[in-house]
Amino acid sequence: MDQESSFVVVANRLPVDRVTTDAGSEWRRSPGGLVTALHPVLSGQKATWVGWTGAAADRHENDLEATEPFELDGIRIRPVPIFQGEIERYYEGFSNSSLWPLYHDAVESPVFKRRWWDEYRKVNKRFADAAAEVAGPGATVWVQDYQLQLVPAMLRAARPDLRIGFFLHIPFPPVELFMQLPRRADVLQGLLGADLVGFQRPLNAHNFLQLTRHVLGLRPRGDCVELPDGRLVFAGAFPISIDVAEMEKLAASDEVVQRAAKFRADLGKPKTIILGVDRLDYTKGIERRLKIFRELLAEGRLSVPDTVMVQVATPSRERIEQYRSLRVKVEREVGRINGEYGRVGVPAVHYLHQSYSRTDLAALYRAADVMTVTPLRDGMNLVAKEYVAARVDNAGTLVLSEFAGAAAELRQAFLCNPHDLDNVKDSMLRAIHTEGADAARRMRIMRRHLKTHDVQAWAESFLTALDRTGRTA
Ligand code: ADP
Ligand code: G6P
């Protein structure tokens with residue numbers, strides 16, 4: 001089979017978007033994130049990315065067509081079809097209504113439904129089968145994120161010759177919370193199919209190893225646990241990052257500089273632009289951030305038009321009830337603030353429920369004076385890192401929640417506890433009023449850190465560790 005790959009990435013989403021053109025429609029590489037990180041690794045060898053297109057598969061479509069691999073920018077793409085009912089139970093159900101809230105400190109109540117589990121397992125099996133099919137003898141397979149936690153064990157059962165890594169992009173909860181999860185033992189067993197399980201933070205790896213003791217009666221030692229068959233599974237922290245060089249280059253481009261100036265002008269050249277850029281997700285703390293802004297306006301500590309807020313809230317998981325009600329709450333709060341504090345032609349909050357191009361995002365980052373990243377819990381938060389990388393002018397300040405993984409690295413941000421509204425207020429005011437020299441010093445230190453901790457370094461450190469575990473096991 002000439003379609004076999006020596007390196008395979010398995011992720012719920014494919015790194016491609018279907019784009020409509022004059023000639024019909026075609027696939028394009030989606031910008032940013034994992035695909036940028038892995039592109040050099042993937043395109044340098046015979047590699048395949050296994051994932052879902054994001055659209056419901058058509059039952060009438062020829063099966064073969066729906067799974068036919070194709071090549072894009074040197075990467076082989078192997079689509080995994082997911083049907084409408086499966087999207088509801090595997091993606092919206094078990095992945096995003098059970099696991100997502102549970103793994104994020106249960107900031108919204110997780111919902112558990114028995115019928116979701118079967119579908120989660122069934123779809124995980126489909127991903128595992130696809131990976132087993134495209135992986136060559138002894139290949140390395142890297143499985144990504146919470147949607148696919150059963151894939152490592154399924155893959156190992158089918159293909160014991162493979163080296164298997166798993167990386168969890170979101171937090172891994174403490175023992176007490178994880179214990180709520182129905183089928184918790186199966187989920188742990190699924191992950192233990194990997195040779196190396198990577199997390200964002202050391203505490204996440206610790207929680208995982210503790211749980212293998214608590215739930216499965218294993219005896220973890222140091223950074224690994226031995227299974228009854230003698231195989232060793234390693235766990236460790238590999239904080240993900242962004243393509244720093246790419247963001248710096250984009251942010252320094254004439255186009256971005258001009259667009260940033262235009263954004264400022266369009267906003268009425270205020271003294272202070274406060275920016276938020278998040279997926280519209282209840283973990284991101286958007287509602288509280290707006291409330292804090294309203295209180296600061298009410299107390300007269302900030303005023304319009306000197307200060308305006310721009311909140312970009314990317315549409316996300318819109319069929320799930322908790323996301324719908326979040327949207328209603330956020331939009332109600334925006335309306336309230338603008339009603340009370342806006343002026344004709346000068347809203348206090350510019351709310352944008354839209355996706356933006358990389359160029360526009362970079363321009364917004366450069367136009368901002370204060371970036372607010374205040375999630376209640378976040379595995380990493382790449383927006384915070386993108387903002388810092390974009391500030392090639394060393395200007396601007398960052399207000400960052402202690403509950404984002406990024407806070408462990410971006411120590412010169414104005415750190416805050418998003419559960420303590422007065423504390424966030426203080427941090428925001430300090431970030432607004434800090435002197436230029438202090439702001440520049442903070443930004444310089446954070447930028448220096450990111451230069452040596454970019455996404456390429458992340459991928460390399462994980463894959464090197466995976467390679468080593470394979471040899472010592
Ligand atoms: P999460 O993975 O939970 O969405 P992150 O902050 O880690 O949060 O990553 C979000 C990614 O999505 C970033 O790369 C960011 O640039 C991108 N993004 C966020 N909002 C938008 C938007 N409105 N348009 C385009 N990309 C966006
Ligand atoms: C987070 C998750 C990713 C997910 C992304 C977007 O970053 O860790 O696995 O792909 O959010 O969410 P979506 O549900 O649209 O894929």
Side-chain angles (χ1 to χ4, degrees), residues 107 260 263-264 267 270-299 301-304 306-314 326 329-331 333-334 337-338 341 347-353 356 360-378 380-391 395-407 409-434 438-439 442-443 446:
V107 296
F263 276 133
R264 278 202 89 90
L267 291 166
K271 258 202 243 144
T272 309
I273 298 174
I274 301 174
L275 176 66
V277 175
D278 314 79
R279 247 180 338 97
L280 188 48
D281 192 293
Y282 49 79
T283 58
K284 304 289 183 183
I286 302 168
E287 213 191 331
R288 282 172 198 232
R289 192 184 305 156
L290 288 166
K291 182 166 188 250
I292 287 165
F293 185 52
R294 171 161 57 76
E295 288 189 8
L296 287 169
L297 292 171
E299 291 159 9
R301 295 209 268 175
L302 294 179
S303 64
V304 181
D306 276 5
T307 306
V308 298
M309 184 168 190
V310 177
Q311 176 63 58
V312 179
T314 323
L326 172 73
K329 284 186 268 182
V330 164
E331 294 184 353
E333 184 64 45
V334 170
I337 298 173
N338 284 335
Y341 302 100
V349 180
H350 294 252
Y351 168 74
L352 303 148
H353 185 240
Y356 274 80
D360 276 342
L361 277 184
L364 280 171
Y365 293 149
R366 285 212 57 177
D369 297 291
V370 178
M371 177 81 196
T372 49
V373 179
T374 54
L376 301 170
R377 178 59 77 191
D378 209 328
M380 175 53 64
N381 198 288
L382 295 179
V383 164
K385 291 189 171 181
E386 288 171 358
Y387 172 70
V388 169
R391 296 318 301 241
T397 51
L398 172 64
V399 175
L400 179 59
S401 161
E402 291 163 7
F403 292 76
E409 297 172 72
L410 304 178
R411 304 303 296 170
Q412 287 68 35
F414 292 85
L415 296 174
C416 64
N417 170 7
H419 299 276
D420 178 347
L421 298 194
D422 288 332
N423 178 257
V424 183
K425 265 188 205 174
D426 287 347
S427 297
M428 265 173 80
L429 290 173
R430 283 174 55 222
I432 290 171
H433 296 305
T434 191
D438 180 46
R442 289 167 181 266
M443 196 54 83
M446 293 193 285

Checklist entry - Mind checking what makes side-chain hydrogen bond (donor to acceptor under 3.5 Å, both in side chains) contact with Gln412, not counting sequence neighbours? => result none
Item to check | Test item: Val388 and Met443 side chains (from C-beta on) under 4.5 Å apart, heavy atoms | outcome: yes
Checklist entry - What distance separates Phe414 CZ from Leu400 CG, expressed to the nearest 0.5 Å? => result 11.5 Å
Checklist entry - Which pair of heavy atoms, one from Leu280 and one from Ala313, lies closest together, and at what distance? => result CD1-CB, 4.0 Å
Checklist outcome for this item: By side chain to side chain contact (heavy atoms under 4.5 Å, CB included), Ala395 pairs with (sequence neighbours left out) Arg391, Asp393
Item to check | Closest heavy-atom pair and its distance - Phe263, Asp360 | outcome: CE1-O, 3.8 Å
Item to check | For Lys291, all residues meeting salt bridge (Lys or Arg N to Asp or Glu O under 4.0 Å), sequence neighbours excluded | outcome: Glu295
Checklist entry - Any idea which heavy atoms bring Leu415 and Glu402 closest together, and the distance? => result CB-CG, 4.3 Å
Item to check | By side-chain hydrogen bond (donor to acceptor under 3.5 Å, both in side chains) - contacts of Asp438 (at least two apart) | outcome: Thr434, Arg441, Arg442
Checklist entry - What is the minimum heavy-atom distance between Ala348 and Phe293, and which atoms define it? => result O-CE2, 3.6 Å
Checklist entry - Is there a side-chain contact between Val383 and Met371, using heavy atoms and a 4.5 Å cut-off? => result yes
Item to check | Minimum side-chain heavy-atom gap Thr374-Arg288 below 4.5 Å | outcome: no
Next on the checklist: According to ring-ring contact (aromatic ring centres under 6.0 Å, His included), who are the partners of Tyr365, at least two apart in sequence or on a separate chain?
Outcome noted: none
Next on the checklist: Could you report the tightest heavy-atom contact between Ala260 and Ala363, atom names first, then the distance?
Outcome noted: CB-O, 3.5 Å
Checklist entry - Are Glu333 and Val349 side-chain neighbours, meaning at least one heavy-atom pair lies under 4.5 Å? => result no
Next on the checklist: I'd like to check the salt bridge (Lys or Arg N to Asp or Glu O under 4.0 Å) partners of Arg279; sequence neighbours left out, ordered by chain and number.
Outcome noted: Asp281
Item to check | With sequence neighbours excluded, residues passing side-chain hydrogen bond (donor to acceptor under 3.5 Å, both in side chains) with Asp378 | outcome: Lys284, Asn381
Checklist outcome for this item: Sequence neighbours excluded, the answer for salt bridge (Lys or Arg N to Asp or Glu O under 4.0 Å) partners of Arg411 is none
Checklist outcome for this item: Output for pair (Leu275 CG, Tyr387 OH), nearest 0.5 Å, gives 8.0 Å
Item to check | Non-hydrogen side-chain atoms of Thr283 and Asp278 separated by less than 4.5 Å | outcome: no
Checklist entry - In Å and rounded to the nearest 0.5 Å, what is the CG to CG distance from Asp426 to Leu421? => result 11.0 Å
Next on the checklist: Determine whether Ile274 and Ile432 satisfy the following criterion, side chain to side chain contact (heavy atoms under 4.5 Å, CB included), listing intermediate values before the conclusion.
Outcome noted: CA-CA 9 Å; Ile274 301 174; Ile432 290 171; 4.1 Å; yes
Item to check | Spacing of Glu299 atom CD and Arg294 atom CZ [to the nearest 0.5 Å] | outcome: 10.5 Å
Checklist entry - In Å and rounded to the nearest 0.5 Å, what is the CE to CD1 distance from Met428 to Ile292? => result 6.5 Å
Item to check | Residues forming a side-chain hydrogen bond (donor to acceptor under 3.5 Å, both in side chains) with Ser427, sequence neighbours excluded | outcome: none
Checklist entry - Listed by chain and number, what are the ring-ring contact (aromatic ring centres under 6.0 Å, His included) partners of His419, not counting sequence neighbours? => result Phe403
Next on the checklist: To the nearest 0.5 Å, what is the distance between CD1 on Ile286 and OG1 on Thr372?
Outcome noted: 9.5 Å
Checklist outcome for this item: In short, Val424 meets Pro418 closest at the heavy-atom pair CG2-CA, 3.7 Å
Checklist outcome for this item: Hits for salt bridge (Lys or Arg N to Asp or Glu O under 4.0 Å) against Asp420, two or more places apart or cross-chain, chain-then-number order -> none
Checklist entry - Does the side chain of Arg430 come within less than 4.5 Å of Val399's, by heavy atoms? => result no
Next on the checklist: Main chain of Pro270, side chain of Arg264: is a donor-acceptor contact present, judged purely on distance under 3.5 Å?
Outcome noted: yes
Item to check | Side chain proximity check, Ile273 to Asp369, heavy atoms < 4.5 angstrom | outcome: yes
